[in-house]
Amino acid sequence: MSDLRVRFAPSPTGYLHIGGARTALFNYLLAKKEQGTFVLRIEDTDVERSTQESVDAILQAMDWLGLSYDEGPFYQSERYDLYKSKVSDLLNKGLAYRCYCSADELNAKREAAMKAGGKPRYDGTCRERTDQPEAPFVVRFKTPRDGNTAFVDRIKGTISVENDELDDLIIQRTDGNPTYNFVVVIDDAEMGINLVIRGDDHVNNTVRQIPMYKALGYEVPEFAHVPMILGADKKRLSKRHGATSVMVYREMGFLPEAMVNYLVRLGWSFGDEEIFSMDDLIEKFSLDNVGRSAGVFNPDKLLWLNEHYIKTGDPQRLAALLAELLETQGVDIENGPDLTAVVKTLQERAKTLVEMAEGAHFYFVAPETYDEAAAAKFLTQEQRPVLELLIKHLGALASFTLADVESAFKALMEESGLKLGKIGPVVRVALTGGTVSPSIYDVVSVLGQDAVMARLNRALQFLD
Ligand code: GLU
């Protein structure tokens with residue numbers, strides 16, 4: 001074990017999106033690689049927008065991706081007593097103050113400041129106030145006015161701002177609830193987080209949080225801000241660029257290993273390698289190879305990776321995944337060929353599990369009708385002798401292995417003088433209803449003798 005402690009801290013206000021998943025993955029990988037600790041914290045202080053459904057969706061997506069955590073999930077909503085006591089501490093030490101300015105007053109101040117060409121920042125009216133009127137108030141953090149706040153980001157290098165650029169942040173609202181920037185600091189410190197890896201949309205928060213660490217007497221952790229993910233048009237990734245929810249990709253038939261491999265390359269690289277298993281990543285990942293420029297989301301590449309993982313995947317595992325999918329589609333897989341054998345015939349052809357399920361349908365459901373154009377061409381009286389020969393040769397087999405099926409076809413071709421090019425399409429339409437399928441020998445042997453005979457006989461009846 002090392003003493004590295006990292007965390008993923010999603011707000012449960014929606015599904016786990018691509019950017020969040022990548023942040024979670026980077027944290028997970030570094031923790032695994034360094035044998036540190038990966039903490040999961042649910043940031044549910046926004047009561048109106050946080051839902052249990054979102055929490056469940058996030059946990060499910062992390063589980064699907066294989067991102068297990070060592071501690072948590074901790075819920076901020078269960079830690080209000082701690083946050084309140086920290087507000088009191090700061091008030092008692094004079095490092096925070098009650099602010100009684102009303103919304104209208106604040107708006108007027110903001111407008112006046114902007115008119116004068118300044119930043120729309122709180123002017124500090126209540127900063128030195130000593131009375132405590134019976135009126136609603138927020139608590140503000142007394143951000144230092146002098147000097148600057150700087151840190152060395154593990155990805156971006158030194159980042160520094162003048163403190164007088166920073167506002168006196170509200171740390172407790174009128175309703176008594178603490179605010180995001182404040183509780184993040186307390187939690188990261190109390191949970192012993194020593195490296196915060198998060199999206200670079202948080203850089204502005206970091207410079208506001210650092211003075212709070214100091215005021216609260218905490219050690220400031222290290223930070224690594226990961227560049228944004230953009231769409232192909234270089235705009236921030238959004239639904240316009242395709243699905244942004246990780247779990248929607250699962251529904252579309254993507255494998256988690258493809259998703260993980262894809263996500264890691266949105267910002268991280270290792271020479272010109274593209275294919276990484278989780279174990280590879282745990283060995284190779286480091287923040288040193290996280291680039292400073294934004295990652296660009298490329299759905300084609302994700303599809304390419306998925307295709308790779310389907311081609312090279314363990315057929316038995318793919319069969320288990322396919323079974324779930326076929327069941328949800330109402331396909332009865334109990335009375336049909338062995339699903340692993342089916343998968344083997346489709347691995348070279350399917351880019352997604354959904355495509356694989358489509359391709360697998362005919363194995364379990366005999367064609368009720370034939371593709372019209374195909375039947376007009378390949379199921380006519382002219383093909384009667386072909387079907388009869390097929391029935392004779394395949395019906396005579398005592399076992400139905402791939403080799404048996406191949407030799408039956410050979411015998412048939414010798415006897416009839418017909419070429420496979422003539423026979424193939426006829427068998428294919430008769431067995432699958434259409435003109436595309438895996439190799440015909442595979443289809444015949446995997447379907448099995450009973451199904452093949454039934455379907456050939458049915459095609460023969462169709463001729464009549
Ligand atoms: N809860 C924040 C979010 O979902 C992340 C906070 C953080 O990583 O510090 O954007």
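Both counts, for ligands and for their atoms, begin at 1 and track the order of listing. Quick caveat: nothing in here was measured; it's all calculated off a predicted structure.
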**Request:** Enumerate the atoms of ligand 1 whose separation from the nearest heavy atom of Glu43 is less than 4.0 angstrom.
**Result:** 1 (N), 2 (C), 5 (C), 6 (C)
**Message:** I'd like to check which ligand 1 atoms, numbered from 1 as shown, lie under 4.0 Å from a non-hydrogen atom of Ser11.
**Reply:** 1 (N), 2 (C), 3 (C), 4 (O)
**Asked** Side chain of Asn27, backbone of Thr23: donor and acceptor closer than 3.5 Å?
**Response** yes
**Fill in**
Only residue of Arg7, Lys86, Arg41 satisfying salt bridge (charged side-chain N to carboxylate O under 4.0 Å, His left out) with Asp187 is Arg41
**Asked** Nearest to atom 6 (C) of ligand 1, what protein heavy atom do you find, and at what distance?
**Response** Tyr180 OH, 3.0 Å
**Message:** How far is atom 8 (O) of ligand 1 from the closest protein heavy atom, and which atom is that?
**Reply:** Arg7 NH1, 2.7 Å
**Message:** Suppose we call two aromatic rings close when their centres sit under 6.0 Å apart. Are Phe8 and Phe26 close by that rule?
**Reply:** no
**Request:** Examine Trp268 together with Phe285 and report whether their ring centres are nearer than 6.0 Å.
**Result:** yes
**Prompt:** Which residue holds the protein heavy atom closest to atom 10 (O) of ligand 1, what is that atom called, and what is the gap in Å?
**Reply:** His202 NE2, 3.3 Å
**Fill in**
Closest to atom 5 (C) of ligand 1 among protein heavy atoms sits Ala9 O, 3.3 Å
Please set out all donor-acceptor pairs under 3.5 angstrom arising from side-chain atoms of residues 130-140, sequence neighbours excluded.
unit_1 : atom_1 : unit_2 : atom_2 : d
Asp131 : OD1    : Arg129 : NE     : 2.8
Asp131 : OD2    : Arg129 : NH2    : 3.4
Arg140 : NH1    : Asp168 : O      : 2.9

**Asked** Side chain, backbone, both or neither: which part of Phe8 has a heavy atom under 4.0 Å from ligand 1?
**Response** neither
